[in-house]
Amino acid sequence: MGTERKRKVSLFDVVDEPSAKIAKSNGLGLTGMNANSSINKWNGRPYSQRYYDILEKRKTLPVWQQKEEFLQVLRANQTLVLVGETGSGKTTQIPQFVLDAVDIETPDKRRKMMIACTQPRRVAAMSVSRRVAEEMDVTIGEEVGYSIRFEDCSSARTVLKYLTDGMLLREAMTDPLLERYKVIILDEAHERTLATDVLFGLLKEVLRNRPDLKLVVMSATLEAEKFQGYFNGAPLMKVPGRLHPVEIFYTQEPERDYLEAAIRTVVQIHMCEPPGDILVFLTGEEEIEDACRKITKEVGNMGDQVGPVKVVPLYSTLPPAMQQKIFEPAPPPVKEGGPPGRKIVVSTNIAETSLTIDGIVYVIDPGFSKQKVYNPRVRVESLLVSPISKASAHQRSGRAGRTQPGKCFRLYTEKSFNNDLQPQTYPEILRSNLANTVLILKKLGIDDLVHFDFMDPPAPETLMRALEVLNYLGALDDEGNLTKLGEIMSEFPLDPQMSKMLVVSSEFNCSNEILSVAAMLSAGMCLRLSSATVLSGFHAPVGMHHRISKQVLMQIVSVSQYSLMKQMVSPCLEAQKAADEAKARFGHIDGDHLTLLNVYHAYKQNNEDQSWCYENFINHRALKAADNVRQQLVRIMSRFNLKLCSTDFNSRDYYVNIRKAMLAGYFMQVAHLERTGHYLTVKDNQVVHLHPSNCLDHKPEWVIYNEYVLTSRNFIRTVTDIRGEWLVDIAPHYYDLENFPQCEAKRVLEKLYRKKEKDREESRNRR
DNA sequence: GAGCACTGC
């Protein structure tokens, strides 16, 4: 871990100084250190700077004072770019202005049209619409509503609808000209989600075909000119934010170990700075839990010369009940008149945009985050710890100024900030597997992907890969046109492989079961039931003994058990027992997919009972989510008259059919066990290892896998045993030996093809 | 035998 962090930090030019020396002068052993001298180090820096230019802000009027100007510009233009920092009130105000400005009746006066305001996140769509409904004094779901997956809170009377960007994209699939809308507002456009980027290109075309439609693009400052350029020089309006000034500090030298530096900075702030809570940005769960422990320990070591602290971790996979802790107040002084307490939140990027914590005065920004990257050559998405962008750093520092003037400590040099950080985070569309996106584009009628007007065009190789995958799946024909199958597949909110598996499952007489497997996978379930999972607590580095494996916490243990287990003195044995029991109960030796199916069946057989879940180490919340997904998938299946059916459970084919149906979707994600004892992915010939979380009791010759995870090694996770014969039966077009790299798997396949040929001849002769 | 940033449909 330590060495890895060093490697990451070296992305900023690290001074070649032994880490020991740094640790000695600035290290964690702060006891007895002169507090004031350490704080002066940053207070006295000549290069500390105020980031927000307050004078410039005064030049711009607040959003509610610019209404008339806004209405004029909107009336005169089809597209308008509106720039506003967090706290400008644009998300609630602008849609209400629009409502006043435009005639929402169709020209023939026969029906009303709506104003759509998109948000990247469900919670935002919901909470903002509620607030606006309240401001307008209407009932939510009536004139003002929202629409998110699983929940449509709108009616025939709705004129202003908040919805997620993904939802609007789905709507476009059935209503290509978005004819029910008069104005579309794309909010938080600077976040550049996949859906927002597709909507950009799509809306640009729709605007040409619908002169009556208007588009408002709302974004934070930094990329406004780019949006303006993209939308043919649309006028740009600015509204100021209402953030307090935040003072930015940089380190004089690059930090060798950002985790250590972050902890040191927390302790220094706590010793020397006035009251106010601290927010620390780190990259992932493990790092965060580690930091929390170390901070608690460090502060504890200092005794009662400093105030008490409440250290709170925050990341998305934390149960909601635990996430709530970030809103609890800082602890009171230990004794009356003693030093005040402080809340310290250690968080992933989730606190950068999705979650807002009031009362934060100090932000510590080490300059890194985990980012998704896609390698089209091996078709793998992975997470990489990378330096953040300037925009992201700006966003992070802004978190310090929500309630009062704040300070942000950047654990990198000002030179690094200026020279090394790229201005913007790469948009998601440049970092993702686009198979699903291409399928949606095709369904939207975009035939020429190469000339589609992407704001940032993806790499041609990524598009080629996506087209290739869709062609192998039968969603596109050889000319790249959407097939009937592809059309059905595009309706499922799933990856193309999974949609394919589902659509063909009726033919394998197991659609009921495949629905459950798909729902479980889609709800993010990958059960880790092996005892080794739990045992990791023992094998963890010194100081981590009391830590329970996160898999146990999140995947098989319910929320209420989480707090319980955190308090246990030696939870490892308990957790191991729990996992062993769970595995004994639900594990299926043929694979993890089937184990997921077992868990789902058991859950249903026990009437979705919460206490049953608790007793059986099942995460009730996750199962409920899976059930929700399943219902949605069933509705889509019925819409296309896809039969819901099962093989007799007592039949030998029950599991065989399920495995075959899975293969029909996942034939491109197969690995073969070589004589060396290693697995090689088929065709790509990547060496991979079965993730130790798997439930198999043997190493099958062929496996399908759901995920390819690049971490310390190349792992395939959620794997199921399949048979070589099925490959040549179910996906001969992919297992076409003419077009196959030389390898052991090829020789085995050759044999299988010969055998198949022989069998065919024999049966012919018998006739 | 290991370790999943964050969304969304």
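Every chain is numbered from 1, with letters handed out A, B, ... down the list of sequences. Any value given below was found using the heavy atoms of this structure, including those in side chains, with hydrogens, waters and symmetry copies removed.
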Peer 1: Output the single nucleotide from B:dC6, B:dG1, B:dC9 whose closest atom is nearest the side chain of A:P692.
Peer 2: B:dG1

Peer 1: What is the distance from CG of A:D495 to C1' of B:dT7, rounded to the nearest Å?
Peer 2: 14 Å

Peer 1: Quickly work out the A:I429 CD1 to B:dT7 P distance and round it to whole Å.
Peer 2: 20 Å

Peer 1: How many Å lie between CD on A:E289 and P on B:dA2, as a whole number?
Peer 2: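 Nearest whole value for this atom pair: 21 Å.
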
Peer 1: Can you identify which nucleotide, out of B:dC9, B:dC6, B:dG8, has its nearest atom closest to the A:S354 side chain?
Peer 2: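 Selected nucleotide: B:dC6.
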
Peer 1: Toward the 5' end of DNA chain B, which comes first, A:L710 or A:P120, by nearest nucleotide?
Peer 2: A:L710

Peer 1: Using whole Å, what does the distance between atom P of nucleotide B:dG1 and atom NE2 of A:H678 come to?
Peer 2: 12 Å

Peer 1: What are the two closest heavy atoms between A:A291 and A:V346, and how far apart are they?
Peer 2: CB-CG1, 4.2 Å

Peer 1: Parallel, tilted or perpendicular: which fits the ring planes of A:H689 and A:H678, with parallel below 30° and perpendicular above 60°?
Peer 2: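 Ring orientation of A:H689 relative to A:H678: perpendicular.
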
Peer 1: Remember a base hit wins even if backbone is also touched, and classify A:F715 as base, sugar-phosphate or nothing at under 4.0 Å, heavy atoms.
Peer 2: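 The residue A:F715 makes sugar-phosphate contact but no base contact.
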
Peer 1: Could you list the residues that satisfy ring-ring contact (aromatic ring centres under 6.0 Å, His included) with A:H672, not counting sequence neighbours?
Peer 2: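 Listed in chain order: A:W702.
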
Peer 1: Among all residues two or more places apart in sequence or in another chain, which pass the ring-ring contact (aromatic ring centres under 6.0 Å, His included) test with A:F715?
Peer 2: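 Listed in chain order: A:H691.
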
Peer 1: ring-ring contact (aromatic ring centres under 6.0 Å, His included) with A:F227: which residues, sequence neighbours excluded?
Peer 2: A:F200

Peer 1: Picking from B:dC9, B:dT7, B:dA2, which would you name as closest to the side chain of A:S316?
Peer 2: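 Looking only at side-chain atoms, A:S316 lies closest to B:dT7.
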
Peer 1: Answer with base, sugar-phosphate or nothing: what part of the nucleic acid does A:R149 contact at a heavy-atom distance below 4.0 Å?
Peer 2: base

Peer 1: Take the protein atom CD of A:E428 and the nucleotide atom P of B:dC6, then report the distance between them rounded to whole Å.
Peer 2: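 These atoms are roughly 14 Å apart.
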
Peer 1: By a strict heavy-atom criterion of less than 4.0 Å, which residues belonging to residues 430-441 of chain A are in contact with DNA chain B?
Peer 2: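 When residues 430-441 of chain A is checked for heavy atoms under 4.0 Å from DNA chain B, there are no hits whatsoever.
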
Peer 1: May I have the distance from A:I716 (atom CD1) to B:dA2 (atom P), rounded to whole angstrom?
Peer 2: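 Taking CD1 of A:I716 and P of B:dA2, I get 15 Å after rounding.
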
Peer 1: Atom CZ of A:R635 and atom C1' of B:dC9: how far apart are they, to the nearest Å?
Peer 2: 13 Å

Peer 1: NA contact type, A:T164, heavy-atom cut-off 4.0 Å: base, sugar-phosphate, or nothing?
Peer 2: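 Contact class for A:T164: sugar-phosphate only.
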
Peer 1: Hey, could you give me each pair passing salt bridge (charged side-chain N to carboxylate O under 4.0 Å, His left out) that has a residue in residues 622-636 of chain A? Not counting sequence neighbours.
Peer 2: A:K604-A:D627

Peer 1: Which atom names give the shortest non-hydrogen contact between A:A391 and A:Q424, and what distance separates them?
Peer 2: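 Reported closest heavy-atom pair: CB-OE1, 3.5 Å.
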
Peer 1: List the residues meeting ring-ring contact (aromatic ring centres under 6.0 Å, His included) with A:F452, not counting sequence neighbours, and say none if there are none.
Peer 2: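 Partners of A:F452 by the ring-ring contact (aromatic ring centres under 6.0 Å, His included) criterion, ordered by chain and then number, come out as A:F454.
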
Peer 1: Without decimals, in angstroms, what is the distance between A:L168 CG and B:dT7 C1'?
Peer 2: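 To the nearest whole Å, that distance equals 16 Å.
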
Peer 1: Starting the side chain at C-beta, find the nucleotide from B:dC9, B:dA2, B:dC6 nearest to A:I148.
Peer 2: B:dC9

Peer 1: Within the pair A:R122 and B:dC9, is there a side-chain N or O less than 4.0 Å away from OP1 or OP2?
Peer 2: yes

Peer 1: Within the 4.0 Å heavy-atom criterion, would you say A:L383 contacts the bases, only the backbone, or no part of the nucleic acid?
Peer 2: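 Answer is base: heavy atoms of A:L383 come under 4.0 Å of a base.
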
Peer 1: From C-beta outward on A:P493, which listed nucleotide comes closest to its side chain: B:dC6, B:dC9, B:dG8?
Peer 2: B:dC9

Peer 1: Compare the minimum distances between each of B:dC9, B:dC6, B:dG1 and the side chain of A:N694, then state the nucleotide with the smallest one.
Peer 2: B:dG1

Peer 1: Is any side-chain nitrogen or oxygen of A:R713 closer than 4.0 Å to OP1 or OP2 of B:dA2?
Peer 2: yes

